[in-house]
Amino acid sequence: MHSHCDPNLFTILYQGNVYGLQILKDGKWIGVEPLPNAFLVFIGCQLQIISNGKLKSVIHRAVTNSKQARICVCTFVIPSSDCHIESASHLVNESTKIPLYKGYQYKEFLHTYILNHGDFEAVLQFYKL
Ligand SMILES: O=C(O)CCC(=O)C(=O)O
Ligand SMILES: [Fe+2]
């Protein structure tokens with residue numbers, strides 16, 4: 001699976017016991033070893049925007065393995081398509097004093113995300129103030 005940030009609010013992920021998940025940190029891909037019975041929570045693009053940048057959505061990807069089949073169970077927590085998204089005012093006041101992003105409807109964001117092939121940095125350019 002190509003590198004991306006999840007466009008939703010957050011993702012709960014169970015990756016079984018076969019390695020394959022990697023996250024991008026400081027320009028380097030880091031493997032996330034599977035932990036038995038552990039769930040991973042990924043901050044999605046929407047939580048980054050709602051938290052006014054306080055929470056960061058991580059770029060990740062899954063790599064294939066020719067020896068073992070890998071099954072990953074993902075639960076995506078997604079806003080309804082006409083949900084209005086904007087930075088939460090109390091988090092804006094706490095951090096930058098100004099919102100970093102303009103508000104939008106979730107379906108509008110998803111459209112931009114798909115047009116930009118999941119490149120969150122490119123998508124953010126449309127919503128940064
Ligand atoms: O297969 C994985 O570990 C990750 C899957 C994923 O990132 C996704 O479905 O959004
Ligand atoms: Fe993902």
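Each ligand, and each atom within it, is numbered from 1 in the order the structure gives.
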[atom] [closest protein heavy-atom partner, distance rounded to 0.1 Å]:
atom	answer
atom 6 (C) of ligand 1	Met1 SD, 3.4 Å
atom 3 (O) of ligand 1	Arg70 NH2, 2.7 Å
atom 9 (O) of ligand 1	Phe76 CZ, 3.5 Å

Atoms in ligand 1 with a heavy atom of [X] nearer than 4.0 Å:
X	value
Leu21	3 (O), 4 (C)
Ala62	1 (O), 2 (C)
Cys72	1 (O), 2 (C), 3 (O)

Looking at Phe10, is its backbone amide N or carbonyl O close enough to the side chain of Asn8 to form a donor-acceptor pair, meaning the two atoms are under 3.5 Å apart? yes
Would you confirm whether Gln22, through its side chain, and Val32, through its main-chain N or O, come within 3.5 Å as a donor-acceptor pair? no
Calculate, to the nearest 0.5 Å, the distance between atoms [atom1] and [atom2] belonging to [X] and [Y] respectively.
X	Y	atom1	atom2	result
Leu21	Ile30	CG	CD1	11.5 Å
Leu110	Cys45	CG	SG	9.5 Å
Leu24	His4	CG	NE2	12.5 Å

Non-hydrogen atoms of His60 versus ligand 1: any pair closer than 4.0 Å? yes
Are any of the heavy atoms in Phe42 under 4.0 Å away from ligand 1? no
Among the N, O or S atoms of Asp6, the one nearest the Fe ion (ligand 2): OD1
The Fe ion (ligand 2) - closest N/O/S atom in His60: NE2
Side chains of Thr112 and Tyr127 only: does a donor on one sit below 3.5 Å from an acceptor on the other? yes
Taking atom types as modelled, find out whether His60 and Asp6 have a side-chain donor-acceptor pair closer than 3.5 angstrom. yes
Please report whether ligand 1 has a polar contact with His4, defined as an N or O pair separated by less than 3.5 Å (distance criterion only). yes
Just do the side-chain contact (heavy atoms from CB on, under 4.5 Å) check on Gln48 and Leu124 with the steps written out, would you? CA-CA 10 Å; Gln48 177 164 331; Leu124 277 182; 3.9 Å; yes
Nearest heavy-atom neighbours spanning Gly31 and Tyr19: CA-OH, 3.3 Å
Closest heavy-atom pair and its distance - Ile43, Ser57: O-OG, 2.9 Å
Short N/O/S contact of Cys5 with the Fe ion (ligand 2) (below 2.8 Å): no
Is there an N/O/S atom in Cys74 at a distance below 2.8 Å from the Fe ion (ligand 2)? no
Part of Asp6 within contact of ligand 1 (heavy atoms, under 4.0 Å): side chain
Ligand 1 versus Gln15: contacting region, heavy-atom distance under 4.0 Å: neither
